[in-house]
Number of protein chains: 2
Amino acid sequence: MIRINRELLDFIGKIAADESNNFISQHNFSPKKIVIEQGDKIEFVHIIKSGIAKCYLTNEDGNIFIQEFFGEGVIFGEIEMFNEDETVCAVESMTDLVIYKISRNNFYKLLEENPQFNRLVLRALAAKIKFKAIRYSNSHLNPIETNLLLLKKQFPELFKTIAKPDIANYLGVTERSLNRSIKSLREKKLI
Amino acid sequence: MIRINRELLDFIGKIAADESNNFISQHNFSPKKIVIEQGDKIEFVHIIKSGIAKCYLTNEDGNIFIQEFFGEGVIFGEIEMFNEDETVCAVESMTDLVIYKISRNNFYKLLEENPQFNRLVLRALAAKIKFKAIRYSNSHLNPIETNLLLLKKQFPELFKTIAKPDIANYLGVTERSLNRSIKSLREKKLI
DNA sequence: TTAAGTTTGGGACAAATGTCCTTTTTTTAG
DNA sequence: CTAAAAAAAGGACATTTGTCCCAAACTTAA
């Protein structure tokens with residue numbers, strides 16, 4: 001449930017350690033800080049070095065839908081680079097967070113000059129699409145309880161790591177409904 | 001709502017027309033033919049030359065969730081290439097369909113040797129992610145009527161082009177609920 | 001043109017989820 | 001340790017969506 005991308009993290013770690021270029025800068029965030037704002041124009045691609053962040057979209061009524069929880073190695077901001085577009089989602093730190101940033105120009109340079117990086121970015125995008133396809137189809141085809149159970153199985157530390165309102169917004173339901181499902185699963189001794 | 005990718009279509013059209021290579025083959029399907037099966041290993045990347053297809057996932061109970069409607073220029077099968085994985089979704093023709101196919105090796109060759117193609121594929125993947133993010137957040141944050149109305153606005157020929165069961169499976173609701181919403185919107189003179 | 005077959009729409013009720021607000025539990029300040 | 005404040009849980013009712021099935025409308029064959 002918390003996405004990670006170890007191969008990308010390893011690769012970027014090496015580039016960042018290489019003193020001969022300064023493609024990559026590093027930035028620290030304490031919890032609950034906005035890393036990118038919904039609707040921003042952005043000039044940097046971001047990759048998570050450590051920590052957890054949430055990527056979410058707020059609609060006109062102020063309702064929130066959490067797209068993904070980002071963990072180590074996850075890249076973001078790249079979508080907007082490719083489409084020369086404003087950000088669709090906000091990204092906010094949930095723990096202490098360390099982020100690698102690469103400027104638009106350096107990102108393109110790396111993509112063009114480094115086939116390994118190019119491949120890693122292609123794979124990262126493909127993984128995001130696959131993940132979304134499965135997640136959304138599940139969430140439409142199953143009732144809340146089933147989805148919650150699935151989540152708990154994939155990620156046993158769920159309730160320790162993620163606050164309830166976030167779990168609710170990730171499942172696309174209200175907190176009330178989430179509580180109901182938790183209670184019912186507990187009564188059935190399923191969680 | 002029916003995805004298209006004109007820039008990719010134009011590019012591929014040129015490569016296909018170039019007699020000096022035979023990277024690209026062409027295939028015809030009549031309506032309601034399976035182009036790729038869910039769970040297949042695939043060895044080709046596909047790009048739609050003309051026609052419409054649906055991309056959908058069937059769960060254990062036989063319920064269907066339609067991910068996207070593919071129109072001209074849409075690439076598919078690429079996700080599975082990058083992740084060396086089985087297909088998550090099936091793709092089925094809805095009209096007469098003409099498809100360009102590129103073998104795994106030629107696809108990689110093109111990606112490596114042709115920066116323009118590389119960029120187009122990156123952009124295609126990014127567009128898919130953005131589309132899914134917006135679509136799914138809408139579908140969670142709005143009631144059926146709102147989503148149906150949105151769809152109808154984006155795509156006025158909706159009811160002429162797409163069969164009702166498909167619209168229902170795209171919205172992630174039952175046909176009964178779709179009918180209810182249609183009736184209610186008609187009564188309010190909104191469609 | 002009509003009767004059987006087939007498809008489409010909708011009624012009635014059931015189940016799931018949301019809204020609103022009160023109760024219970026936890027945290028904080030003094 | 002206690003009272004106030006804040007956060008979390010849940011009761012009661014409303015609304016939305018789903019299930020099941022029957023009725024209406026449309027096709028088809030004779």
Side-chain angles (χ1 to χ4, degrees), chain A residues 31-32 54 56-66 92 94-95 135-152 157-191, chain B residues 31-32 54 56-66 92 94-95 135-152 157-191:
Chain A
K32 301 196 183 176
K54 62 183 169 186
Y56 63 97
L57 197 151
T58 311
N59 78 352
E60 323 78 53
D61 306 329
N63 295 318
I64 288 172
F65 181 69
I66 296 184
E92 181 183 324
M94 297 172 70
T95 62
R135 158 159 144 74
Y136 296 133
S137 109
N138 276 340
S139 95
H140 267 111
L141 296 176
N142 298 327
I144 301 177
E145 274 190 35
T146 311
N147 285 321
L148 185 59
L149 208 51
L150 251 167
L151 224 54
K152 187 70 173 51
E157 320 91 87
L158 180 63
F159 295 112
K160 278 165 226 150
T161 313
I162 317 270
K164 271 197 186 171
D166 284 343
I167 299 177
N169 288 332
Y170 182 74
L171 291 172
V173 302
T174 59
E175 244 185 291
R176 182 70 192 88
S177 300
L178 176 61
N179 272 333
R180 228 186 319 249
S181 295
I182 291 173
K183 192 166 180 255
S184 154
L185 288 174
R186 287 218 174 106
E187 279 163 6
K188 297 187 213 151
K189 313 247 180 235
L190 292 172
I191 57 173
Chain B
K32 302 195 184 177
K54 62 183 170 189
Y56 63 96
L57 197 151
T58 311
N59 77 355
E60 322 77 52
D61 306 330
N63 295 317
I64 288 172
F65 181 69
I66 296 184
E92 181 183 324
M94 298 171 69
T95 62
R135 157 160 145 73
Y136 296 133
S137 107
N138 277 341
S139 95
H140 267 111
L141 296 175
N142 299 326
I144 302 178
E145 274 191 35
T146 311
N147 284 322
L148 184 59
L149 207 52
L150 250 166
L151 224 55
K152 187 70 173 49
E157 320 92 86
L158 180 63
F159 295 112
K160 277 165 227 151
T161 313
I162 317 268
K164 271 198 186 170
D166 284 343
I167 299 177
N169 288 334
Y170 182 73
L171 292 172
V173 301
T174 59
E175 243 184 293
R176 182 69 192 87
S177 299
L178 176 62
N179 273 333
R180 227 185 321 247
S181 295
I182 291 173
K183 193 168 181 252
S184 155
L185 288 173
R186 287 217 174 106
E187 279 163 6
K188 297 187 211 151
K189 313 248 181 236
L190 291 173
I191 58 172

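In the text below, chain A, chain B and the rest are named by the order of the sequence lines, each starting its count at 1.
- Rounded to an integer number of Å, the gap from CG of A/Leu185 to P of D/dG10 is 13 Å.
- Atom CG of A/Asn147 is separated from atom P of C/dT17 by 9 Å (rounded to the nearest Å).
- Atom CD in B/Glu175 sits roughly 8 Å away from atom P in C/dT8 (whole-Å rounding).
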Counting only pairs under 3.5 Å, give me each side-chain donor-acceptor contact of residues 158-172 of chain A, with atom names and distances, residues two or more places apart or in other chains.
residue	atom	partner	partner atom	Å
A/Thr161	OG1	A/Glu157	O	3.0
A/Lys164	NZ	A/Asn179	OD1	2.8
A/Asp166	OD1	A/Lys54	NZ	2.9
A/Asp166	OD2	A/Lys54	NZ	3.4
A/Asn169	ND2	A/Pro165	O	3.3

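- Atom CD1 in B/Ile144 sits about 16 Å away from atom P in C/dA16, given to the nearest Å.
- Residues satisfying the side chain to side chain contact (heavy atoms under 4.5 Å, CB included) test with B/Leu150, not counting sequence neighbours, are B/Asn138, B/Asn142, B/Asn147, B/Gln154.
- For B/Phe65, the ring-ring contact (aromatic ring centres under 6.0 Å, His included) partners are A/His140, not counting sequence neighbours.
- Between the CG atom of B/Leu141 and the P atom of C/dG18 there is a distance of 11 Å, rounded to whole Å.
- Pairs passing the ring pair (Phe, Tyr, Trp, His ring centres under 6.0 Å) check and including a residue from residues 171-191 of chain B, sequence neighbours excluded, do not occur.
- Per the geometry, CZ belonging to A/Arg186 stands 11 Å off C1' belonging to D/dA9, to the nearest Å.
- Atom NE2 of A/His140 is separated from atom C1' of C/dT17 by 14 Å (rounded to the nearest Å).
- In this structure, CG on B/Leu185 lies 5.5 Å from CG on B/Leu190, to the nearest 0.5 angstrom.
- Residue pairs satisfying the side-chain hydrogen bond (donor to acceptor under 3.5 Å, both in side chains) criterion with at least one member in residues 56-66 of chain A, sequence neighbours excluded, are listed as follows: A/Tyr56-A/Glu92.
- Non-hydrogen atoms lying under 4.0 Å from DNA chain D are contributed by A/Lys164, all within residues 159-171 of chain A.
- Within the nucleic acid shown, B/Ile182 has no heavy atom closer than 4.0 Å to any nucleic acid atom.
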If you restrict it to nitrogen or oxygen atoms, what contacts under 3.5 Å exist between nucleotides 10-12 of chain C and the protein, and what is each distance?
residue	atom	partner	partner atom	Å
C/dG11	N7	B/Arg176	NH2	3.0
C/dG11	O6	B/Arg176	NE	2.9

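- Within the structure, the ring pair (Phe, Tyr, Trp, His ring centres under 6.0 Å) test picks out no pair touching residues 171-191 of chain B (sequence neighbours left out).
- Defining each end axis of the helix from C/dT1-D/dA30 to C/dG30-D/dC1 as the rotation carrying four pairs' C1' atoms onto the next four, with five pairs an end, the two axes are found to diverge by 30° to 10 degrees.
- One can place CG of A/Asn63 at 11 Å from P of C/dG18, the figure rounded to the nearest angstrom.
- Between the OG atom of B/Ser137 and the CD1 atom of A/Ile66 there is a distance of 12.0 Å, given to the nearest 0.5 Å.
- With sequence neighbours excluded, the residues that form a side chain to side chain contact (heavy atoms under 4.5 Å, CB included) with B/Ser181 are B/Ile144, B/Glu145, B/Leu148.
- Look at B/Ser177 and you won't find any side-chain N or O under 4.0 angstrom from OP1 or OP2 of D/dT17.
- For residues 169-185 of chain A, the set of pairs meeting the salt bridge (Lys or Arg N to Asp or Glu O under 4.0 Å) definition, not counting sequence neighbours, comprises A/Lys183-A/Glu187.
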